Amino acid sequence: MSRANSFLWIVGMAALFVVPAFAQPDLDPNNTASEFKVYSPESQGVTPLSQAIDVDAEYPVEDTQESVGVLITSNEKVVFALDYNPGILWYDINMNRLQWPRDFEGNNMSAFYDDNGNPLPDGGFWGAKVKSNAYGPGFGLGGACNFGPESDVQIASLFDACVMGEIPCVQLYNNDGTPIVPVKCGISEALAKDYEGNVRIGDWDYLSNGNIVIAAECRKALGNSEVLGIAQSRVVTYGILAPGEQFPSIFARVSDYSQGNQEMWHGVASTKNGFAVRYSAGGAKITFFNNDGTRRSPEVDLTSLGTGAMAGVLAGGRGDHEGWHSDGVSRYILVSENSNLFGTLHPFVAIFDEDGNLIKGPFGVATGPDGYYYTTCDRNDCALHPSGKYIVVWIETDYLQLPSGGILLGRIFNEDGTPATKMFVIDNATNPDDPDSQPGLSRRPRVVWRGNKIAVVWVSTNRDEGGIQRVSGRTFQYGEETGIENYMIY
């Protein structure tokens, strides 16, 4: 670490919040490739463990896929979340399909289970959010659910909680794919049962102490006023649930912002000492918490971060286009897209500590002599490894001039923000030497990195001659064989 950066680190430890002015590696737009150039993953030391496949090929839909997700379990199983035909599918790390221990009438798809552990049919939820436990075994599926009288899919213990509208729920699983029941609800029982309106899931995660946290966007206007103490029609909340709880024993709103609505989509991550929620409340914000739900930081305004030309590049919206994750230990990673600096939407990344201090970045993702500054991106995601390295994936939309998608790219970085690889294509349907030959488009990527394995999910038409958007997945290996590391219990 340089003397300047050491000084900034010391200041960051002394202050609750600081905006460091870290140098951007290769920020000069003149120091870039003269034309769009991408590489194969193999040429960058990223070894594919499979070809890209459409994981939902057996479940054809005509609608555009929206909320997709991916996770890697502690025993190296990969779970993919679908949007339409909602549910999850699982594979081994080499992308061989696995059979669920319990599925609904032999469909080899999983979702939610009733109070007796019986699989429920498709339907009853939307907005899938999947997470694995970074601190031990287990994984789960979250969604905006209606298991009440208006639904064909009902859960007795949640029937009354769904009478007034949708609620945010999480179905937990053991590592062998068997469900843990009952299904958990992310808002208080009183708010769910007594106030009309929907509550959609924002995101959720495991905590290092064995609990889980569920964040939601509460659209119960009267309940927001009387229960949460804030007169807004949409309020972002969080609920913390212990293993034996179906409703949260700790439940509160995330933000004190009182001028207009709050929103979130994705945006919960956890470390050994707490969790952090990214959301929109009069602009993009993050609040950092301890495991018990007490605040570790004031509300961090992302528009205030960065200096000079980098000011505000991390802001973004409610979370659709951004990635917010952790290393499962002590740091968080954010990727956002912004057009302030280069005139086109460019992905920018930054690293935060557990107290909300920006400690590295913002850095441009597609910069430097092996980058292409003028990339126009749509949707980004990222994953932070405990080693400090991280991967960013994004959709380059300008090169193919497609109206609703483009080329899915990835790049791995060292801890100091310098590139460890050049920009590489994720989908083997894209020829790095002739990207124009890509047969379709890619959209909405999500990525996870655990041990030395990386899994990516996205929406693509590259393997469908009819142009139907499918949920695509692929796995990779990067770095030395270290196996899966768990960090539980702190």
Side-chain angles (χ1 to χ4, degrees), residues 50 53-63 65-133 137-148 151-159 162 166-185 201 204 206 212 246 446 448 455 457 459 468 470-475:
S50 69
I53 65 171
D54 291 341
V55 297
D56 65 343
E58 297 178 24
Y59 313 94
V61 296
E62 299 297 324
D63 297 300
Q65 293 280 357
E66 295 290 335
S67 182
V68 298
V70 64
L71 62 84
I72 300 175
T73 66
S74 63
N75 59 347
E76 290 199 340
K77 301 299 189 293
V78 184
V79 174
F80 296 96
L82 312 184
D83 181 27
Y84 293 97
N85 283 326
I88 53 178
L89 311 173
W90 73 334
Y91 291 75
D92 67 21
I93 199 66
N94 297 306
M95 293 298 291
N96 298 303
R97 183 78 177 275
L98 301 175
Q99 177 69 43
W100 288 101
R102 305 175 198 173
D103 61 15
F104 185 76
E105 296 182 348
N107 66 356
N108 201 13
M109 182 186 289
S110 187
F112 289 84
Y113 293 74
D114 67 19
D115 295 325
N116 297 315
N118 299 310
L120 297 173
D122 297 343
F125 85 99
W126 62 278
K129 301 287 184 293
V130 290
K131 295 291 179 77
S132 63
N133 187 358
F139 60 96
L141 162 69
C145 302
N146 189 337
F147 299 125
S151 176
D152 295 330
V153 183
Q154 299 180 357
I155 296 177
S157 61
L158 293 175
F159 188 89
C162 293
E166 293 175 341
I167 58 175
C169 291
V170 170
Q171 173 67 67
L172 296 178
Y173 292 80
N174 298 304
N175 258 10
D176 64 0
T178 55
I180 299 171
V181 293
V183 171
K184 294 179 177 291
C185 174
I201 194 164
W204 71 281
Y206 288 87
I212 67 169
Q246 188 171 26
R446 303 287 289 171
V448 291
V457 67
V459 177
I468 301 299
R470 305 295 187 194
V471 179
S472 301
R474 198 178 189 192
T475 55

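Keep in mind that this is a model prediction, so the values were computed, not measured. Start at 1 with the first residue, then count along the sequence.
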Exercise for the section: Go through the steps to decide whether Tyr113 and Phe104 satisfy the test side-chain contact (heavy atoms from CB on, under 4.5 Å), and finish with yes or no. Expected result: CA-CA 10 Å; Tyr113 293 74; Phe104 185 76; over 6 Å; no

Contact between [X] and [Y] at the side-chain level, heavy atoms closer than 4.5 Å - yes or no?
X	Y	answer
Glu166	Trp126	yes
Val448	Ile72	yes
Asp122	Met109	yes
Val79	Leu89	no
Asp54	Tyr59	no
Asn174	Ile180	yes

Non-hydrogen atoms of [X] and [Y] that approach each other most closely:
X	Y	result
Cys162	Cys145	SG-O, 4.4 Å
Gln171	Val183	OE1-CG2, 3.2 Å
Leu71	Gly140	CD2-O, 4.2 Å
Pro179	Gly117	CG-O, 4.1 Å
Val130	Leu141	CG1-CD1, 3.9 Å
Gly148	Gln154	O-NE2, 3.3 Å

Would you compute the distance between atom [atom1] of [X] and atom [atom2] of [Y] and round it to the nearest 0.5 angstrom?
X	Y	atom1	atom2	result
Ile212	Tyr206	CD1	OH	7.5 Å
Asp103	Asn107	CG	CG	5.0 Å
Glu76	Asp92	CD	CG	9.5 Å

Handout entry: Ring centres under 6.0 angstrom apart (Phe159, Phe147)
Key =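 Ring-ring flag for Phe159/Phe147: false, centres at least 6.0 Å apart.
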
Answer yes if the side chains of [X] and [Y] hold a donor-acceptor pair under 3.5 Å, and no otherwise.
X	Y	answer
Gln99	Trp90	no
Asp83	Ser67	no
Ser110	Tyr173	yes
Asn133	Ser74	no

Sidechain-backbone polar pair: [X] side chain, [Y] backbone, donor-acceptor under 3.5 Å:
X	Y	value
Lys77	Ile93	no
Ser151	Asn146	yes
Asn175	Gly138	yes
Arg474	Ser50	yes

Practice task
Can you label the angle between the Phe139 ring and the Trp100 ring as parallel, tilted or perpendicular, going by 30° and 60°?
Solution key: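 Rings of Phe139 and Trp100: tilted, as their planes differ by 30° to 60°.
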
Practice task
Measure up the Phe112 and Phe125 rings against each other and bin them: parallel (under 30°), tilted (30 to 60°), perpendicular (over 60°).
Solution key: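 It falls in the perpendicular class, over 60°.
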
Exercise for the section: Apply the test side-chain contact (heavy atoms from CB on, under 4.5 Å) to residues Asp114 and Leu120: give CA-CA distance (whole Å), side-chain angles for both, the deciding distance (0.1 Å), then the verdict. Expected result: CA-CA 7 Å; Asp114 67 19; Leu120 297 173; 4.0 Å; yes

Problem - side-chain contact (heavy atoms from CB on, under 4.5 Å) between Thr475 and Asn94, worked out - result: CA-CA 7 Å; Thr475 55; Asn94 297 306; 5.6 Å; no

Handout entry: Residue from Arg97, Arg470, Met95 passing side chain to side chain contact (heavy atoms under 4.5 Å, CB included) with Val55
Key =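 Among Arg97, Arg470, Met95, the one meeting side chain to side chain contact (heavy atoms under 4.5 Å, CB included) with Val55 is Met95.
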
Practice task
Apply the test side-chain contact (heavy atoms from CB on, under 4.5 Å) to residues Gln246 and Leu158: give CA-CA distance (whole Å), side-chain angles for both, the deciding distance (0.1 Å), then the verdict.
Solution key: CA-CA 9 Å; Gln246 188 171 26; Leu158 293 175; 3.5 Å; yes

